[in-house]
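Quick notes on the structure that follows.
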Amino acid sequence: MSTTESVKPSEPSKAPPFDPGDPLGIDDLLDPEDLAIRDTVRTWAADRVLPHIAEWYENGELPGIRELARELGSLGALGMSLKGYGCAGASAVQYGLACLELEAADSGIRSLVSVQGSLAMYAIHRFGSEEQKERWLPGMAAGETIGCFGLTEPDHGSDPAGMRTRAERDGTDWVLTGRKMWITNGSVAGVAVVWAQTDEEGGGSGIRGFVVPTDSPGFSAPEIRHKWSLRASVTSELVLDGVRLPADAVLPGATGLRGPLSCLSHARYGIVWGAMGAARASFEAALDYAKSREQFGRPIGGFQLTQAKLADMALELHKGILLAHHLGRRMDAGRIRPEQVSFGKLNNVREAIEICRTSRTILGANGVSLEYPVMRHATNLESVLTYEGTVEMHQLVLGKALTGLDAFR
């Protein structure tokens with residue numbers, strides 16, 4: 001048999017029709033359970049968030065956050081990829097799909113879930129004692145207890161090693177003093193994972209994590225107002241004024257920056273997916289608008305310049321989803337590296353912002369109205385661009401990995 005005879009080209013008639021919502025056929029990479037989880041979260045967001053989110057955003061509030069947390073807990077979305085203690089034990093890809101759908105509704109909702117599961121719960125699950133896990137994780141997984149994560153400080157964001165919050169020994173107790181800033185969920189949290197400098201480790205300075213019940217004397221969490229981004233999200237300052245904790249409040253498995261940085265890497269992974277949700281919602285709004293808005297006697301989607309914008313946005317959107325999916329498979333296989341998560345966070349958030357901005361140009365003046373999601377997503381993503389590592393930090397992470405040279409200092 002000749003080579004020509006042995007190669008049978010695929011029949012064009014057997015190819016599925018082109019799907020503008022999934023032009024690359026990425027859904028073919030998902031199994032029925034993946035799709036079911038995605039559809040469940042999408043339906044919940046459509047019913048519980050989308051009808052109200054413009055009003056919440058305009059008012060700068062997230063009313064009913066505790067009820068929303070319990071509903072998210074009943075969906076299995078809190079601590080979703082963790083195992084045991086009431087957690088769903090889902091795959092990394094399934095968690096990512098949930099983040100995408102939540103952020104397609106609003107970044108503030110995805111932030112609630114990310115901080116709860118990927119930061120506060122993840123820290124306790126990975127570094128906590130069995131007693132800490134049993135005490136806190138079941139209630140957090142159910143959404144009965146909301147958690148927050150205290151790392152960033154007013155004067156130390158990208159350089160957490162310089163934090164000024166201190167934990168000092170007083171007999172067998174620890175006494176925490178300091179401030180944390182830009183803390184999602186802080187004012188409604190029942191428990192805070194707080195990172196502080198200590199004088200442990202052979203007399204040297206060492207960073208340790210502490211599980212802090214928020215009803216502890218000396219703990220307060222005033223809410224931060226007047227934000228122009230993540231307005232439908234609770235953001236707070238944490239004030240620790242001589243908060244006394246027992247010896248068993250420390251996370252025994254975390255010493256130094258390795259602990260908080262591993263938590264951040266887990267949260268960044270969710271952002272890789274989530275940013276594409278915000279981008280998808282904006283792209284879909286622009287696509288629908290382009291097909292219905294008429295100028296010069298026909299829909300603007302029929303003009304070459306508009307089609308060029310839509311094509312370029314679709315390219316970056318679905319390339320970003322493919323990147324997120326690839327990183328999710330690597331995480332599920334236990335082969336993901338922090339540099340790869342930085343790769344995804346840097347690319348996807350940056351491209352998501354550009355998609356939102358281009359979508360706004362298609363909507364024209366209507367793009368700034370809260371009747372459409374585009375400007376809300378664009379302003380939210382300005383926060384997502386900064387938290388869990390700024391653009392510059394992720395560029396330097398990749399620069400160091402590529403060159404072997406450390407440019408951080």
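The residues of the chain are indexed from 1 along the displayed sequence. What you see is a predicted model, and the numbers here were worked out from it, not measured in a lab. Heavy atoms only: backbone and side chains are in, while hydrogens, waters and symmetry mates are out.
Inspection of the Thr361 and Lys309 side chains reveals an N or O donor paired with an N or O acceptor under 3.5 Å. Between the side chains of Tyr122 and Ser262, no donor N or O sits under 3.5 Å from an acceptor N or O. Side-chain polar atoms of Thr235 and Glu223 form no donor-acceptor pair below 3.5 angstrom. Side-chain contact check for Ser282 and Ser359: no donor-acceptor pair (N or O, by modelled atom type) lies under 3.5 Å. Side chain to side chain, Arg164 and Gln197 fail the donor-acceptor criterion of an N or O pair below 3.5 Å. Looking at Asp106 and Tyr57, their side chains never bring a donor and an acceptor atom within 3.5 Å of each other. A donor atom on one side chain and an acceptor atom on the other are found under 3.5 Å apart for Trp44 and Glu71.
For the atom pair CH2 (Trp174) and CZ (Arg244), the distance works out to 12.5 Å, reported to the nearest 0.5 Å. With rounding to the nearest 0.5 angstrom, the CZ atom of Arg208 is 6.5 Å from the OG1 atom of Thr198. Rounding to the nearest 0.5 Å gives a distance of 6.5 Å between CZ of Phe283 and CG of Leu317. Taking CD of Gln295 as the reference point, atom OG1 of Thr306 lies at 10.0 Å (rounded to 0.5 Å). For the atom pair Cys99 SG and Ile109 CD1, the distance stands at 12.5 Å (nearest 0.5 Å). Summarising the geometry, atom CD belonging to Glu61 is positioned 9.5 Å from atom CZ belonging to Arg231; distances are rounded to the nearest 0.5 Å.
Using a distance-only test at 3.5 Å, with no hydrogens or angles considered, no donor-acceptor pair links the side chain of Ser342 to the main chain of His394. Under the 3.5 Å distance criterion, the side-chain polar atoms of Asp31 are matched with a main-chain donor or acceptor of Asp34. Checked by atom type and distance alone, the side chain of Ser114 pairs as donor or acceptor with a backbone atom of Arg110 at under 3.5 Å. Judged by distance alone, with hydrogens and angles left aside, the side-chain atoms of Asp241 form no donor-acceptor pair with the main-chain N or O of Gly218 at under 3.5 Å. Ser216 places a side-chain N or O within 3.5 Å of a backbone atom of Pro213 that can act as its donor or acceptor partner. A donor-acceptor pair under 3.5 Å is formed between the side chain of Gln116 and the backbone N or O of Thr145. Here the side chain of Gln94 pairs a donor or acceptor atom with the backbone of Ser91 at under 3.5 angstrom. When atom types are taken as modelled, the side chain of Arg298 and the backbone of Glu294 share no donor-acceptor pair closer than 3.5 angstrom. Arg360 contributes a side-chain N or O that, together with a main-chain N or O of Gly364, makes up a donor-acceptor pair within less than 3.5 Å. Between the side chain of Gln132 and the backbone N or O of Val250, at least one donor-acceptor pair lies under 3.5 Å.
When all heavy atoms are compared, the tightest approach of Ala92 to Gly328 is CB-O, 3.8 Å. Between Ala120 and Cys148, the shortest heavy-atom contact is CB-O, 3.7 Å. Shortest non-hydrogen contact noted between Gly147 and Val115 is O-CG1, 4.0 Å.
Taking a cutoff of 4.0 Å between a charged side-chain nitrogen and a carboxylate oxygen, Glu153 and Arg179 do not qualify as a salt bridge. In summary, Asp199 and Arg169 do not engage in a salt bridge, as defined by a charged side-chain N under 4.0 Å from a carboxylate O. Ion pairing between Asp288 and Arg293 fails under the 4.0 Å rule for side-chain N and carboxylate O. Taking 4.0 Å as the cut-off between side-chain N and carboxylate O, Glu388 and Arg268 do not count as a salt-bridged pair. Comment: Glu67 does not engage Arg70 in a salt bridge, judged by the lack of any side-chain N to carboxylate O separation of less than 4.0 angstrom.
Counting heavy atoms from C-beta outward, Thr379 and Trp228 have side chains that stay 4.5 Å or more apart. Residues Leu151 and Leu119 have side chains not in contact (no heavy-atom distance under 4.5 Å, counting atoms from C-beta outward). Proximity of Leu240 to Thr177: side-chain heavy atoms (C-beta onward) are nowhere separated by under 4.5 Å. Side-chain contact between Arg66 and Ile146 is present, with at least one heavy-atom pair separated by less than 4.5 Å.
Each of Leu100, Leu102, Leu72 was evaluated against Val41; a single residue qualifies, Leu102, per the side-chain contact (heavy atoms from CB on, under 4.5 Å) test.
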Verdict with supporting geometry, Leu257 and Trp195, side chain to side chain contact (heavy atoms under 4.5 Å, CB included): CA-CA 9 Å; Leu257 277 175; Trp195 302 90; over 6 Å; no
Side chain to side chain contact (heavy atoms under 4.5 Å, CB included) assessment of Phe127 paired with Cys263: CA-CA 10 Å; Phe127 301 114; Cys263 298; 4.1 Å; yes
Donor-acceptor pairs are to be reported for all side-chain atoms of residues 343-358 against protein atoms at under 3.5 Å, with residues two or more places apart or in another chain.
| from | atom 1 | to | atom 2 | distance (Å) |
| --- | --- | --- | --- | --- |
| Lys345 | NZ | Val384 | O | 2.8 |
| Lys345 | NZ | Leu385 | O | 3.2 |
| Lys345 | NZ | Tyr387 | O | 2.9 |
| Lys345 | NZ | Gly389 | O | 2.8 |
| Asn348 | ND2 | Val272 | O | 2.9 |
| Asn348 | ND2 | Gly320 | O | 3.1 |
| Arg357 | NH2 | Glu382 | OE2 | 2.8 |
| Thr358 | OG1 | Glu354 | O | 2.9 |

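Between Trp273 and Tyr269, the ring-plane angle classifies as perpendicular under the 30° and 60° cut-offs. Relative ring orientation between Tyr95 and His266 is described as parallel, the plane-to-plane angle staying below 30° on a 0-90° scale split at 30° and 60°.
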